[in-house]
Amino acid sequence: MFMKFILNIHLPLKILLVHLCGLSTLASFSCSESSQVQLSPQRALFEKIENQLVVSPKQKQKISVVLTSYRQKENYILLIIEHHRKNLYKEILSKNPDQNKVADLNRFIADEQYHLECLAAQKLFDLKKICNAKQLEKLNFIVAD
């Protein structure tokens, strides 16, 4: 029944519902996990790398610099995405939503998410440069996990 409802509504509302469903799923996941103290993803990755790769102090410093640098870039892109999402929701919920503007905002969001993926790949390339051959084998398992 829900799918029939979705198929019969206009595109802007479909987009809004998809975004809201994703946000509610994320919110429920984070609420269920809030009873446990969690590390930031960057800190968790740093600790995994540090503990499982057995890095030297020099490598530890380089890894910290790489992760901090990329985290700053990622945070900037996330702010841009959030700005576009707010504008997207405002447009969808406006009295007369402009379909072209909604499509453009969705495209901006997708482009920024693409940039996040590119940053993640480049971060791994940079981390690989720091590791020796034995550490690279372990890094594959850490990243895959």
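Predicted model only: the values in this text are computed from it and were never measured. FYI, the numbering just counts along the sequence from 1.
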Item checked: Main-chain N/O of Ser64 paired to Thr68 side chain as donor or acceptor, under 3.5 Å -> yes
Margin query: Assigning hydrophobic clusters by single linkage (Ile, Leu, Val, Met, Phe, Trp, Tyr; side-chain heavy-atom cutoff under 4.5 Å), is Leu119 placed with Tyr76?
Written below: no
Item checked: Atom pair CZ/NE2 of Phe108 and His83 - distance to nearest 0.5 Å -> 9.5 Å
Note to self: What's the separation between atom CD in Gln61 and atom CD1 in Ile63, rounded to the nearest 0.5 Å?
What the structure shows: 10.5 Å
Check: What residue pairs, at least two apart or across chains, pass side-chain hydrogen bond (donor to acceptor under 3.5 Å, both in side chains) with a residue in residues 112-121?
Finding: none
Check: Nearest heavy-atom pair of Leu139 and Cys131: which atoms, and what distance?
Finding: CD2-SG, 4.2 Å
Item checked: Contact summary for Gln59 and Asn132, nearest pair of heavy atoms -> NE2-N, 4.2 Å
Check: Rounded to the nearest 0.5 Å, what separation is found between the OG atom of Ser69 and the CD atom of Glu74?
Finding: 9.5 Å
Next item on the list: First locate atom CD of Glu82, then atom CG of Leu88, and finally report the distance between them rounded to the nearest 0.5 Å.
Entry: 11.0 Å
Note to self: Can you tell me how far apart CG (Leu116) and OH (Tyr70) are? Round to the nearest 0.5 Å.
What the structure shows: 13.0 Å
Next item on the list: Scan side-chain atoms only and decide if Gln52 and Gln135 contain a donor-acceptor pair under the 3.5 Å cut-off.
Entry: no
Note to self: Quick check for you: to the nearest 0.5 Å, what is the distance between Glu137 atom CD and Leu53 atom CG?
What the structure shows: 11.0 Å
Check: Side-chain heavy atoms under 4.5 angstrom apart, residues restricted to Ile, Leu, Val, Met, Phe, Trp, Tyr: same cluster for Leu67 and Leu136?
Finding: yes
Notebook entry, point to check: Transitively linked via ILVMFWY side-chain contacts under 4.5 Å: Ile80 with Tyr89?
Noted result: no
Checklist line | Exercise: do Asn87 and Glu91 side chains pair donor with acceptor under 3.5 Å | finding: no
Check: If we only count heavy atoms from C-beta on, is the Asp98 to Asp104 side-chain gap below 4.5 Å?
Finding: no
Item checked: Derivation and outcome, salt bridge (Lys or Arg N to Asp or Glu O under 4.0 Å), residues Asp126 and Lys129 -> CA-CA 5 Å; Asp126 289 350; Lys129 292 176 189 174; 3.7 Å; yes
